[in-house]
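Below is one structure, written out as structure tokens; the observations come after it.
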Amino acid sequence: MSSFRSLPPLNPRQQEAHDYIQGPLLVLAGAGSGKTAVITRKIAHLVQHCQIPAYRITAMTFTNKAAREMKERVSKLLPADQLKGLTVSTFHNFGLNLLRLELKHTPLKPNFSIMDADDCKRLLMDLMQRDNLSGAESKELINKAIRRISDWKNDLLDPQQAIATAESPEDLQLAHLYELYERNIRAYNAVDFDDLIVLPTRLLQDNAELREKWQHRIRYLLVDEYQDTNTAQYMLVKLLVGVLGRFTAVGDDDQSIYAWRGAKPENMALLAEDFPSLKVVKLEQNYRSTSRILKAANSVITNNPHLFEKSLWSDKGHGEVIRVITCRNDDDEAERIVHDLMTHKLMNGKTWQDYAVLYRGNFQARVLETQLREMQIPYKLSGGTSFFARTEIKDVMSYLRLIINPDDDSAFLRIINTPKRAIGPSTLEKLGLFAQESQLSLLAAAGDQRLAMALPKKAASQLHEFAEFIEQYTRDLHDNDEPVPLVRQMINETGYIDYIREQASTPQAEKVRMDNLESLFSSIQNLINRAEDVNERNIESVIRKLVLLDLLDQQQEAEDTDKVNLMTLHAAKGLEFPFVYIMGLEEDLLPHKNSIAADTVEEERRLMYVGITRARQELTLTLAEQRRAGGNMKQSTPSRFLDELPAEELEWSGKKKAKLSNVDPKEQAKAYLANLKALMK
DNA sequence: CGAGAGGTGATTTTT
DNA sequence: TCACCTCTCG
């Protein structure tokens with residue numbers, strides 16, 4: 001209670017969203033409008049003043065990071081005993097948990113594997129090869145297939161429905177592939193990311209008893225970033241809240257930038273249809289940015305059609321004018337941004353982490369990196385390959401997956417010849433055939449004595465040896481509450497460590513890989529130590545959860561010191577910085593040419609809107625007159641979004657000076673830096 | 001099976 | 001331009 005009194009008051013709209021619990025509520029939370037404060041304080045309010053115990057409340061987010069932040073903030077509002085059992089998790093984690101608890105109602109066996117995007121791709125490739133679609137054609141097809149299958153799943157269509165509704169011969173082919181894919185993934189006793197939403201949703205749809213059980217269990221549901229839900233996720237929400245509709249959905253249709261991944265911002269409008277008693281509260285006061293920045297944001301976004309009209313305002317004063325810098329080319333652009341940033345920091349006594357440079361595509365970071373390194377400015381690049389996409393992590397994870405799930409053929413295929421065991425494609429093909437005929441998993445087939453008849457002696461004995469190795473560790477690790485040393489021993493014994501040493505091209509590369517493995521091991525250890533439920537203190541449940549965790553993010557967050565932030569506009573959603581640069585304001589880049597072609601410029605505009613609203617104090621936009629595209633320079637046209645900004649708030653500059661010729665840019669940079677330092681003294 | 005040559009394609013990626 | 005993938009040859 002005492003902590004409550006010290007909280008800043010909510011504004012009237014926030015208060016309204018906070019207090020309203022009688023029925024379904026949609027909170028239209030503009031950027032920087034304090035939505036997390038509303039959600040977290042509402043959870044505390046529900047517990048302390050509405051007689052809803054924490055274990056009856058569930059909050060769903062999209063990212064682990066958001067879930068972590070939310071948990072942390074709620075824990076500051078409630079004493080530990082009142083916090084007990086509160087669920088704050090990502091959609092996927094929630095789904096996983098539901099599957100685990102209702103396992104007997106699912107087609108899954110215990111210790112099922114979760115396949116990530118990469119695993120699924122491999123599986124599809126394999127299936128297509130069997131269908132003998134080879135070469136260049138299949139590569140193109142594979143990306144289409146992945147996208148299409150995911151779309152079908154997210155729309156809750158099973159393979160039969162997909163086949164029935166296929167729109168073209170090619171689509172039908174993909175639908176058949178979908179059917180094959182589903183059969184295989186189930187045979188592996190595995191699920192993909194989409195299944196973590198789809199399977200629980202189907203379960204609740206088909207089973208009234210379970211549905212009632214879960215509806216009873218969750219007395220109040222809160223959904224963050226509601227505009228990013230896809231059809232399956234919305235269906236899951238609907239099934240969980242039932243007719244009573246005890247929920248708060250928080251979202252902003254103007255920040256919907258993931259439609260290309262299946263998000264359906266129109267779910268916001270659907271909510272009003274499905275729950276006629278829906279109350280809508282708009283949070284329009286922004287606590288982040290100056291009014292000039294908000295004016296710019298509003299001005300851009302009014303060019304989009306709107307479900308709900310919304311206009312951000314703040315009382316933070318006008319602030320600085322918005323600068324637009326025209327640069328000669330992409331190198332010049334990076335150089336100017338870096339110089340500008342450096343000058344600004346020194347003049348204003350700010351820290352590196354106060355700055356962010358945002359861009360449309362990851363490739364744009366490259367020139368920036370070069371420039372920043374030259375100036376010895378520390379920077380942080382977010383995005384790129386995720387921790388679990390690293391080869392060494394995927395390899396070791398596959399060993400572990402196979403240990404806990406012998407049916408996981410996908411894991412088997414990944415590691416059977418990693419490190420090299422002289423087991424080549426022809427051996428594998430024969431093994432696959434044998435496994436299929438005898439209805440066995442690849443691992444079981446590899447261990448089967450009859451194999452010797454189907455294969456050359458050498459190959460058969462290699463396979464036997466491998467199977468025995470896995471089986472031995474399966475026994476040793478089962479029910480072992482100190483598994484990590486054994487895991488280390490196993491990985492060592494496979495020769496994987498030596499393999500990394502041989503493979504690594506440089507000592508640094510080797511170190512990075514070894515470090516990655518170390519953090520994987522220590523994460524496993526941490527998860528085991530931290531497991532609240534004793535039943536979860538084993539390698540099986542830890543491995544299952546591991547793929548869903550953002551280990552790298554957490555790791556990175558921990559070691560984050562004072563660095564300039566470089567990230568894509570997508571990655572910037574949810575973040576804020578005092579000083580923001582958005583680069584590449586050109587047609588075909590922002591908006592991206594594919595979006596122009598596909599007529600989805602509106603989403604690009606929202607991306608622009610998200611970018612603008614990241615800035616607290618100052619916003620700088622840059623564009624290049626020429627840009628490298630492939631090998632040669634291409635002329636570019638200023639982005640249409642520049643015309644949509646309020647001209648009176650912009651200050652244009654740049655492109656005047658002809659570059660000082662014959663001067664080494666490095667020398668120039670050094671001189672510049674020396675100058676600045678002298679200036680500061 | 002593995003190392004090099006040549007070819008090709010290049011948004012965004014919460015889990 | 002460059003990185004990654006594929007294909008081929010030893």
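Keep in mind the model is a prediction, meaning the values are calculated, not measured. In what follows, chains carry the letters A, B, and so on, assigned in the order in which the sequence lines appear, proteins first and then strands, with residues in each chain numbered from 1.
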Rounded to whole Å, the CG-P distance (A:Leu589 to B:dT12) equals 10 Å

Select base, sugar-phosphate, or nothing to describe what A:Asp228 touches, counting heavy atoms under 4.0 Å on all strands.
base

Could you tell me how far apart A:Glu69 (CD) and B:dT14 (P) are, to the nearest whole angstrom?
17 Å

Run the ring-centre check on A:His570 versus A:Trp260 and record whether the distance is less than 6.0 Å.
yes

Does atom CD (A:Glu465) have a neighbourhood of more than 12 heavy atoms from anything else shown, all under 6.0 Å?
no

Candidates B:dT13, B:dT11, B:dT14 - which lies nearest the side chain of A:Ser595:
B:dT11

Face-to-face contact A:His592 to B:dT11 six-ring, under 5.5 Å, under 30°
yes

For A:Ala446, the side chain to side chain contact (heavy atoms under 4.5 Å, CB included) test, sequence neighbours excluded, returns A:Phe412, A:Leu431, A:Leu463, A:Ala467

Side-chain donor-acceptor pairs under 3.5 Å in residues 30-39 of chain A, sequence neighbours left out?
unit_1  : atom_1 : unit_2   : atom_2 : d
A:Ser33 : OG     : A:Gly30  : N      : 3.3
A:Ser33 : OG     : A:Gly30  : O      : 2.7
A:Lys35 : NZ     : A:Asp224 : OD1    : 3.1
A:Lys35 : NZ     : A:Glu225 : OE2    : 3.3

I need the CZ-P distance between A:Phe363 and B:dG9, as an integer number of Å.
18 Å

Rounded to whole Å, CD1 of A:Ile146 lies from P of B:dT11 at a distance of 17 Å

Tell me what A:Phe91 touches on the nucleic acid: a base, only sugar-phosphate, or nothing, going by heavy atoms under 4.0 Å.
nothing

Distance check: side-chain N/O of A:Asn362 vs OP1/OP2 of B:dT11, anything under 4.0 Å?
no

Interatomic distance where CG belongs to A:Asn594 and P belongs to B:dG9 [whole Å]
14 Å

Please confirm whether A:Arg544 makes a cation-pi placement over A:Phe112, using NZ or CZ under 6.0 Å from the six-membered ring centre and within 45° of the ring normal.
yes

Of the candidate nucleotides B:dT11, B:dT15, B:dT13, which contains the atom at the shortest distance from the side chain of A:Tyr258?
B:dT13

Euclidean distance, atom CG of residue A:Asn230 to atom C1' of B:dT15 [Å, nearest integer]
11 Å

Under 4.0 Å, heavy atoms only, any strand: does A:Asp330 hit a base, just the sugar-phosphate, or nothing?
nothing

Which value, in whole Å, describes the distance between the P atoms of nucleotides B:dT12 and C:dC5?
16 Å

With a 4.0 Å limit, can you tell me whether A:Thr568 has a side-chain N or O closer than that to the phosphate oxygens OP1/OP2 of B:dT13?
yes

Roughly how many Å is it from OH in A:Tyr359 to C1' in B:dT11, rounded to a whole number?
13 Å

Compare side-chain N and O positions of A:Asn64 against OP1 and OP2 of B:dT15 and report whether any pair is under 4.0 Å apart.
yes

A:Asn143 has an atom CG; how far is it from atom P of B:dT11, in whole Å?
12 Å

At less than 3.5 Å, do the side-chain atoms of A:Arg261 and the base atoms of B:dT15 form a donor-acceptor pair?
yes

Centroid distance below 5.5 Å plus an interplanar angle below 30 degrees: do A:Phe62 and B:dT15 meet both conditions?
no

Reckon A:Arg366 has a side-chain N or O less than 4.0 Å from the OP1 or OP2 of C:dA3?
yes

Would you say A:Val198 and A:Arg202 make side-chain contact, with heavy atoms under 4.5 Å?
yes

